[in-house]
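First comes the structure, then the notes that go with it.
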Amino acid sequence: MSTCFPLSLARAAPRGMPALPSDPECAWRKGWGPAPHPTHLLFSTVDPLAQVTQLFREHLLERALNCVTQPNPSPGSADGDKEFSDALGYLQLLNSCSDAAGAPACSFSISSSMATTTGIDPVAKWWASLTAVVIHWLRRDEEAAERLCPLVEHLPRVLQESERPLPRAALHSFKAARALLGCAKAESGPASLTICEKASGYLQDSLATTPASSSIDKAVQLFLCDLLLVVRTSLWRQQQPPAPAPAAQGTSSGPQASALELRGFQRDLSSLRRLAQSFRPAMRRVFLHEATARLMAGASPTRTHQLLDRSLRRRAGPGGKGGAVAELEPRPTRREHAEALLLASCYLPPGFLSAPGQRVGMLAEAARTLEKLGDRRLLHDCQQMLMRLGGGTTVTSS
């Protein structure tokens with residue numbers, strides 16, 4: 001017996017979203033959620049309509065996360081900040097659906113365990129709010145982020161009662177990021193590192209227990225793991241001297257990180273590598289964060305340059321263009337291309353950037369890309385470095 005989506009959900013879908021299947025079985029076949037197996041979603045006591053609408057909410061969250069972690073890989077595309085705006089559109093729709101729908105008695109694969117609530121889905125709203133806060137931080141829209149922070153500061157009761165580690169990893173990642181990226185910077189660096197360690201532990205526990213088929217869990221894990229590594233990188237970069245960039249003076253990196261910082265960074269990098277073994281999109285982030293780890297440790301720049309080069313070039317398989325052989329590596333996205341340009345121009349010694357003015361040119365290219373993407377956090381870093389190297393140069397998109 002097939003069950004259709006309510007008209008309110010079908011009409012609320014933004015332009016460009018995929019059509020909604022009318023059959024619950026079709027939903028999981030299209031990747032909206034795991035197969036309706038009684039050992040996973042406990043469908044035996046749930047209305048079929050509740051099953052499908054819950055999978056739809058889960059699908060919206062996964063699409064929003066993928067807009068941030070798996071955007072258009074083409075470095076030359078000029079879609080502006082489409083990924084962020086699309087993600088926020090999915091999250092807005094998720095909030096609307098969460099307000100309109102009663103909560104089913106089965107469990108989200110991302111640990112909702114919604115058993116008795118009716119009329120609202122507090123867990124879906126919590127995940128939507130957390131994701132939106134991080135997006136606002138990336139856009140340096142701190143006012144919008146702070147409006148949502150009270151909704152994220154405490155886990156919903158059903159998540160507090162759950163033994164699953166992923167929601168706790170998300171909560172502590174949010175707290176660590178808020179101390180560094182938000183406007184309420186109440187925590188010191190050491191305190192923020194302590195929060196990072198708690199989040200890292202829960203994330204490792206989640207990676208050890210996640211079913212291989214759970215695509216939304218993997219999307220959340222990639223989102224959180226990358227966020228933690230960004231926070232740790234930000235802590236290290238805060239130690240950078242206000243004088244001209246170290247790379248411009250002929251050294252390979254900024255100040256070396258402490259043993260505690262390096263140990264924590266390597267722990268999260270190991271989690272990211274583990275995730276990449278079963279979730280291919282995570283490999284793109286591995287290259288960049290491995291390069292950052294080497295910079296933090298003051299390692300030889302040769303291997304660091306090779307890692308950054310992987311985010312600056314497209315690596316095709318032996319079949320070449322149009323060939324049947326798949327690409328050996330995931331293509332870098334525009335943001336990863338810009339991040340690699342920023343790291344290379346800031347930290348690689350002059351021997352790796354031989355052309356006159358190449359460093360400023362790379363920074364300018366990265367700044368233009370980041371401005372189009374709407375990533376104002378990294379854009380600010382680019383502009384600050386341009387000011388230090390070029391005597392007040394600013395870059396805007398053409």
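Just so you know, these numbers use all the heavy atoms, side chains as well, and skip hydrogens, waters and symmetry mates. FYI, the numbering just counts along the sequence from 1.
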Under 3.5 Å, is there a donor-acceptor pair linking the side chains of [X] and [Y]?
{"X": "Ser215", "Y": "Glu62", "answer": "yes"}
{"X": "Arg267", "Y": "Gln204", "answer": "yes"}
{"X": "Glu365", "Y": "His337", "answer": "yes"}
{"X": "Tyr202", "Y": "Arg168", "answer": "no"}

Quick check: does any side chain N or O of [X] sit under 3.5 Å from a backbone N or O of [Y], one acting as donor and the other as acceptor?
{"X": "Arg377", "Y": "Leu138", "answer": "no"}
{"X": "Arg294", "Y": "Ser300", "answer": "yes"}
{"X": "Ser162", "Y": "Val158", "answer": "no"}

Run the salt-bridge test on [X] and [Y] with the 4.0 Å N-O cut-off and return the result as yes or no.
{"X": "Glu83", "Y": "Arg334", "answer": "yes"}
{"X": "Arg178", "Y": "Glu146", "answer": "yes"}
{"X": "Arg147", "Y": "Glu143", "answer": "yes"}
{"X": "Asp99", "Y": "Lys125", "answer": "yes"}

Determine whether more than 12 heavy atoms belonging to other residues, nucleotides or ligands lie under 6.0 Å from atom CZ of Arg157.
->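 Check fails, neighbour count at 12 or below.
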Going by the salt bridge (Lys or Arg N to Asp or Glu O under 4.0 Å) test, name the single residue among Arg335, Arg368, Arg139 that passes it with Asp375.
->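 With Asp375 as partner, salt bridge (Lys or Arg N to Asp or Glu O under 4.0 Å) holds for just one option, Arg335.
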Under the side-chain contact (heavy atoms from CB on, under 4.5 Å) rule, what do Arg303 and Leu307 come out as? Steps first, then yes or no, please.
-> CA-CA 6 Å; Arg303 174 58 178 162; Leu307 289 167; 3.5 Å; yes
For the student: nearest non-hydrogen atoms of [X] and [Y], plus distance:
{"X": "Leu262", "Y": "Ala293", "result": "CD2-O, 4.2 Å"}
{"X": "Ser345", "Y": "Arg359", "result": "O-NH1, 2.6 Å"}
{"X": "Leu269", "Y": "Val286", "result": "CD1-O, 4.3 Å"}
{"X": "Pro167", "Y": "Leu155", "result": "O-CD2, 3.8 Å"}
{"X": "Trp126", "Y": "Val152", "result": "NE1-O, 3.2 Å"}
{"X": "His172", "Y": "Ile195", "result": "O-CG2, 3.2 Å"}

To the nearest 0.5 angstrom, please state how far the [atom1] atom of [X] sits from the [atom2] atom of [Y].
{"X": "His136", "Y": "Glu142", "atom1": "NE2", "atom2": "CD", "result": "12.0 Å"}
{"X": "Glu371", "Y": "Thr369", "atom1": "CD", "atom2": "OG1", "result": "10.0 Å"}
{"X": "Leu341", "Y": "Cys346", "atom1": "CG", "atom2": "SG", "result": "10.5 Å"}
{"X": "Arg237", "Y": "Leu180", "atom1": "CZ", "atom2": "CG", "result": "12.5 Å"}
{"X": "Glu163", "Y": "Asp205", "atom1": "CD", "atom2": "CG", "result": "12.0 Å"}
{"X": "Thr292", "Y": "Phe265", "atom1": "OG1", "atom2": "CZ", "result": "5.0 Å"}

side-chain contact (heavy atoms from CB on, under 4.5 Å) between Leu91 and Leu61, worked out = CA-CA 7 Å; Leu91 296 173; Leu61 177 60; 4.2 Å; yes
Kindly indicate, with the supporting measurements, whether the criterion side-chain contact (heavy atoms from CB on, under 4.5 Å) is fulfilled by Leu93 and Tyr90.
-> CA-CA 5 Å; Leu93 179 55; Tyr90 284 118; 5.6 Å; no
With a 4.5 Å limit on heavy-atom distance, are the side chains of [X] and [Y] in contact?
{"X": "Val133", "Y": "Cys149", "value": "yes"}
{"X": "Leu224", "Y": "Leu166", "value": "yes"}
{"X": "Ser311", "Y": "Glu339", "value": "no"}
{"X": "Tyr347", "Y": "Thr304", "value": "no"}
{"X": "Leu348", "Y": "Leu343", "value": "no"}
{"X": "Leu94", "Y": "Trp127", "value": "no"}

Glu290 and side-chain hydrogen bond (donor to acceptor under 3.5 Å, both in side chains): which partner among Gln266, Arg310, Arg273?
->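 That would be Arg273; it is the only one of Gln266, Arg310, Arg273 passing the side-chain hydrogen bond (donor to acceptor under 3.5 Å, both in side chains) with Glu290.
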List the atom pairs, donor and acceptor, that lie under 3.5 Å between side-chain atoms in residues 225-234 and the rest of the protein, sequence neighbours left out.
unit_1	atom_1	unit_2	atom_2	d
Asp226	OD1	Arg285	NE	2.9
Asp226	OD1	Arg285	NH2	3.1
Asp226	OD1	His289	NE2	2.7
Arg232	NE	Gly264	O	3.4
Arg232	NE	Asp268	OD2	2.6
Arg232	NH1	Glu197	OE2	3.2
Arg232	NH2	Glu197	OE2	2.8
Arg232	NH2	Ser200	OG	3.1
Arg232	NH2	Asp268	OD2	3.4
Thr233	OG1	Leu229	O	2.8
Ser234	OG	Val230	O	2.9

Before giving the answer on side-chain contact (heavy atoms from CB on, under 4.5 Å), spell out for Leu342 and Leu363 the whole-Å C-alpha distance, their side-chain angles and the decisive distance to 0.1 Å.
-> CA-CA 6 Å; Leu342 176 59; Leu363 280 168; 3.6 Å; yes
